[in-house]
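All figures in this text were calculated on a predicted structure; none of them were measured in a lab.
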Amino acid sequence: MLTIYLDFKSPASYLALEPTLDMARETGVHIDWLPFSVRPFSVPEEQADETVGERHRRVRAIAQRDTYLHYSAVQGRTMLFSKTPAGSDLALAAMAGIAGDPVPFMRAAFAAYWIEQVDLNNEAVVVALLQSVGAAIPDLESARAKLALIRDKAGESGIFESPSYVIQDQLFVGREHLPWIKSLIVAESSQ
């Protein structure tokens with residue numbers, strides 16, 4: 001089994017979803033999808049009197065954004081960055097409360113965030129997304145409590161970023177590790 005922690009507002013998670021699903025189809029591995037909230041990605045505004053450290057963080061964020069945009073183009077995906085990133089915790093809680101396959105909801109939530117730039121902390125938006133994929137609307141208070149437990153357990157396990165992959169008690173951060181993860185799955189299934 002492969003456990004994956006992701007956040008809808010994480011550009012790396014958005015870009016990791018389809019390649020991860022492709023790898024799962026190829027290997028037959030079961031994925032346990034878990035929500036994990038990270039800080040929203042943003043590019044700091046240029047300041048007239050910015051320090052060297054502030055300039056470095058801004059230029060690095062621009063380079064990261066440009067890399068994400070490059071890979072979204074390679075994947076044929078639209079990816080729009082907002083100057084004021086919205087939240088995702090309510091959608092993550094809803095994901096935690098979904099009975100059954102969360103992938104249709106995940107796809108809808110990623111598209112809503114990265115293409116339509118909606119706030120995934122808005123209850124009406126989250127309910128509409130659940131309904132659009134035919135998912136039952138979970139008790140959101142119970143789902144929030146479940147999300148908090150997942151976060152606590154993830155933090156204790158060393159999870160700090162999204163996407164994070166856990167397989168055979170090994171932690172991999174980022175989709176760039178998918179070839180290595182695939183090799184572990186293939187090796188495990190051949191034993």
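Listed here is the closest heavy atom pair of V133 and A108: CG1-CB, 3.9 Å. Taking each heavy atom of A61 and S42 in turn, the nearest pair found is CB-O, 3.8 Å. For the pair I31 and A24, the tightest heavy-atom approach, listed with the atom from each and the gap, is CD1-CB, 3.6 Å. Across every non-hydrogen atom of V126 and L120, the tightest pair is CG2-O, 3.4 Å. Scanning both residues, D119 and G87, for their nearest heavy atoms gives OD1-N, 3.4 Å. The minimum heavy-atom distance linking L178 with P19 is given by the pair CD1-CB, 3.8 Å.
Residues E54 and R57 are not paired through a salt bridge, judged by the lack of any N-O separation under 4.0 Å between the basic side chain and the carboxylate.
Taking hydrophobic clusters as Ile, Leu, Val, Met, Phe, Trp and Tyr residues chained together by side-chain heavy-atom distances below 4.5 Å, Y14 shares a cluster with V103. Cluster annotation: L130 is connected to I115 through the hydrophobic network of ILVMFWY side chains, with a link wherever side-chain heavy atoms come within less than 4.5 Å. Transitive grouping of hydrophobic side chains (ILVMFWY, heavy atoms separated by less than 4.5 Å) brings Y113 and V127 into a common cluster. Cluster membership check: M23 does not share its hydrophobic cluster with V166, using side-chain heavy-atom separations under 4.5 Å among Ile, Leu, Val, Met, Phe, Trp and Tyr. A single hydrophobic cluster is seen to contain both V118 and M79, as judged by linkage of ILVMFWY side chains at heavy-atom distances under 4.5 Å, directly or through other members.
A 4.5 Å side-chain heavy-atom check between M106 and L21 finds every atom pair outside the cut-off. Between W114 and P11 the shortest side-chain heavy-atom distance falls below 4.5 Å.
The distance from the CD1 atom of I159 to the CG atom of D152 is 13.0 Å, given to the nearest 0.5 Å. The NZ atom of K83 sits 4.5 Å away from the CD atom of E45 when rounded to the nearest 0.5 Å. Separating the CG atom in L2 from the CD1 atom in I181 is a distance of 6.0 Å, to the nearest 0.5 Å. A distance of 7.0 Å separates CZ of R25 from CD of E18, quoted to the nearest 0.5 Å. We find the CG-CG distance between L90 and L140 to be 5.5 Å, quoted to the nearest 0.5 Å. Within the model, atoms OG of S157 and OH of Y5 stand 5.0 Å from one another, a figure rounded to the nearest 0.5 Å.
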(message) Is there a side chain to side chain contact (heavy atoms under 4.5 Å, CB included) between L17 and R77? Walk through the geometry before answering.
(response) CA-CA 12 Å; L17 180 63; R77 302 189 166 291; over 6 Å; no

(request) Could you please spell out the steps behind the side chain to side chain contact (heavy atoms under 4.5 Å, CB included) verdict for V125 and E116? (result) CA-CA 11 Å; V125 167; E116 300 167 28; over 6 Å; no

(message) Using the rule given for side chain to side chain contact (heavy atoms under 4.5 Å, CB included), can you reason through L184 versus Y165, listing the C-alpha separation, both sets of side-chain angles and the distance that settles it, and then say yes or no?
(response) CA-CA 12 Å; L184 288 172; Y165 299 78; over 6 Å; no

(request) Please test F105 against F8 for side chain to side chain contact (heavy atoms under 4.5 Å, CB included), starting from the C-alpha separation and ending with a verdict. (result) CA-CA 11 Å; F105 175 74; F8 301 122; 4.0 Å; yes

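For the 3.5 Å distance criterion, the side chains of K9 and S162 fail to qualify, holding no donor opposite an acceptor. Of the N and O atoms on the side chains of S142 and D139, at least one donor lies less than 3.5 Å from an acceptor on the other residue.
More than 12 heavy atoms of other residues, nucleotides or ligands lie within 6.0 Å of CD in E176, so this atom counts as buried by the packing criterion.
A parallel orientation is assigned to the rings of F81 and Y68, their planes being inclined by less than 30° (bins at 30° and 60°).
In this structure a side-chain-to-backbone donor-acceptor pair under 3.5 Å is present from Q75 to L15. A donor-acceptor pair under 3.5 Å is absent between the side-chain atoms of D7 and the main chain of S10, judged by distance alone.
Judged by a 6.0 Å distance limit and a 45° cone about the ring axis, R175 is positioned over the six-membered ring of Y71.
If you run side chain to side chain contact (heavy atoms under 4.5 Å, CB included) between L34 and each of L6, I150, L147, only I150 comes through.
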